[in-house]
Visitor: 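Sharing a structure, written as structure tokens. Questions coming.
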Amino acid sequence: MPTADGRPEMRQFTAPGEVSPALRRALADCWIAVTNAGGAAGFPFPPVGPGEVVPAVDRLVCGLAPATSRLLTASLGGKLAGWLHVRRDPARLVAHWGTLHHVQTRPELRGRGVGGALMGYVRQVAREELGLEQLHLAARGGAGLEEFYARLGWRESGRRPGVLRFGPGDDRDEVLMHLAPL
């Protein structure tokens, strides 16, 4: 259910046993929909189906751990609207920052604040529960993602020019972004 003010309901999962089979299916369905709509969520060459995506969801869920790997979800009307994965390395040298992966919202729900709500929630969880000072992510250039993240306070910290090849003559930058302080 959305909150009383219409915002998505946010949840986090920190262990594999917390993620029900129904949620695993919903995660895979969302990932398939996002990818097949052209989204930059980990599978660069649509179309994809359950054969590729379900094992990736299973690997992600099996790696959940309270100190290093969390799944955050946003729901509207009791249905998964979006999700992301945040990871951190506990090694002392880099334990102060984490990385976001697979930030996505269902295509038909874009523009309803789901992505912004997820990004606000991960910022809070990272700061208050994981004790992180900064977050990082890599975004596909040319998809408008830099503008979305910039509106939320993220800054470009680097760019790998032309490292993503989607086809002949279709090379794109990988844009490295960071958010600090949290």
Side-chain angles (χ1 to χ4, degrees), residues 1-16 18-20 22-43 53 56-57 59-61 63-88 97-140 143-157 175-182:
M1 291 277 134
T3 61
D5 59 4
R7 290 180 301 170
E9 176 188 5
M10 310 307 285
R11 291 196 58 201
Q12 71 170 305
F13 301 86
T14 63
E18 297 174 356
V19 182
S20 70
L23 179 54
R24 284 181 190 233
R25 282 190 301 278
L27 293 167
D29 290 346
C30 181
W31 206 344
I32 290 167
V34 168
T35 300
N36 289 344
F43 293 97
V53 178
V57 168
R59 283 189 300 275
L60 185 147
V61 169
L64 294 177
T68 58
S69 176
R70 295 182 183 206
L71 169 67
L72 279 60
T73 64
S75 297
L76 288 171
K79 296 186 188 246
L80 183 73
W83 62 277
L84 63 77
H85 180 223
V86 59
R87 288 193 323 220
R88 63 105 59 89
W97 59 271
T99 307
L100 301 190
H101 302 272
H102 314 300
V103 178
Q104 54 190 286
T105 61
R106 292 200 61 85
E108 68 274 16
L109 298 175
R110 296 218 172 113
R112 294 185 57 188
V114 174
L118 271 170
M119 297 304 286
Y121 186 51
V122 73
R123 187 177 193 164
Q124 175 188 342
V125 167
R127 181 183 62 243
E128 295 175 10
E129 297 184 28
L130 293 170
L132 299 177
E133 297 171 18
Q134 52 185 278
L135 290 170
H136 298 256
L137 62 80
R140 181 187 304 170
L145 299 171
E146 302 102 315
E147 293 82 13
F148 167 74
Y149 292 120
R151 285 193 306 270
L152 299 172
W154 289 72
R155 299 291 171 250
E156 185 174 324
S157 57
V175 182
L176 307 176
M177 303 193 78
H178 73 281
L179 179 65
L182 299 180

Visitor: Any idea which heavy atoms bring Leu118 and Trp83 closest together, and the distance?
Guide: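 Of all heavy-atom pairs spanning Leu118 and Trp83, the closest is CD1-N, 3.4 Å.
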Visitor: For His178 and Ser157, work out which heavy atoms get closest and say how close.
Guide: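 Distance-wise, the nearest heavy atoms are ND1-CB, 3.3 Å.
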Visitor: Is there a donor-acceptor contact under 3.5 Å from the side chain of Gln104 to the main chain of His102?
Guide: yes
Visitor: Answer yes or no: is there a side-chain heavy-atom contact under 4.5 Å between Leu76 and Arg112?
Guide: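 In contact.
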Visitor: Got a second to check how far Gln124's CD is from Gln12's CD, nearest 0.5 Å?
Guide: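 Between atom CD of Gln124 and atom CD of Gln12 there are 9.0 Å.
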Visitor: Measuring from Glu18:CD to Leu64:CG, what's the distance to the nearest 0.5 Å?
Guide: 8.0 Å
Visitor: Is the shortest distance from a Lys or Arg side-chain nitrogen in Glu129 or Arg70 to a carboxylate oxygen in the other one below 4.0 Å?
Guide: yes
Visitor: How many angstroms lie between atom CZ of Arg106 and atom CG of Leu109, to the nearest 0.5 angstrom?
Guide: 7.0 Å
Visitor: Might you point out which heavy atoms bring Leu80 and Leu23 nearest each other, and give the distance in Å?
Guide: CD1-CD1, 4.3 Å
Visitor: Any idea which heavy atoms bring Ala139 and Tyr149 closest together, and the distance?
Guide: CB-CE1, 4.3 Å
Visitor: Determine whether Phe13 and Leu72 satisfy the following criterion, side chain to side chain contact (heavy atoms under 4.5 Å, CB included), listing intermediate values before the conclusion.
Guide: CA-CA 6 Å; Phe13 301 86; Leu72 279 60; over 6 Å; no
Visitor: For a 4.5 angstrom cut-off between non-hydrogen side-chain atoms, does Leu179 reach Arg155?
Guide: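 The answer is no, as the side chains (C-beta and beyond) never meet within the 4.5 Å cut-off.
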Visitor: Can you tell me how far apart CH2 (Trp154) and CD (Glu147) are? Round to the nearest 0.5 Å.
Guide: 15.5 Å
Visitor: Checking side-chain polar atoms at under 3.5 Å, does Arg87 have a donor or acceptor matched by the opposite partner on His101?
Guide: yes
Visitor: Ser75 side chain to Gly78 main-chain N or O, any donor-acceptor pair under 3.5 Å?
Guide: no
Visitor: Supply the atom-to-atom distance Leu84 CG to Leu71 CG, rounded to the nearest 0.5 angstrom.
Guide: 7.5 Å
Visitor: Quick one: ring-ring contact (aromatic ring centres under 6.0 Å, His included) partners of Phe43, sequence neighbours excluded?
Guide: Trp31
Visitor: Under 3.5 Å, is there a donor on one side chain and an acceptor on the other for Thr105 and Arg110?
Guide: yes
Visitor: Go through the steps for His136 and Trp97 under the test ring-ring contact (aromatic ring centres under 6.0 Å, His included), then give the verdict.
Guide: CA-CA 7 Å; His136 298 256; Trp97 59 271; 4.7 Å; yes
Visitor: Taking all heavy atoms of His85 and all of Ser69, pick out the closest pair and write down the distance.
Guide: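 The answer is NE2-OG, 2.6 Å.
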Visitor: Ignoring hydrogens, what is the shortest heavy-atom contact between Leu135 and Ala126? Give both atom names and the distance.
Guide: CD2-CB, 3.9 Å
Visitor: Return yes if some donor-acceptor pair links the side-chain N/O of Arg127 with the main-chain N/O of Leu182 below 3.5 Å, else return no.
Guide: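 Flag set: sc Arg127 to bb Leu182 pair under 3.5 Å.
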Visitor: Does Leu132 form a side chain to side chain contact (heavy atoms under 4.5 Å, CB included) with Arg123? I'd like the steps, not just the answer.
Guide: CA-CA 9 Å; Leu132 299 177; Arg123 187 177 193 164; over 6 Å; no
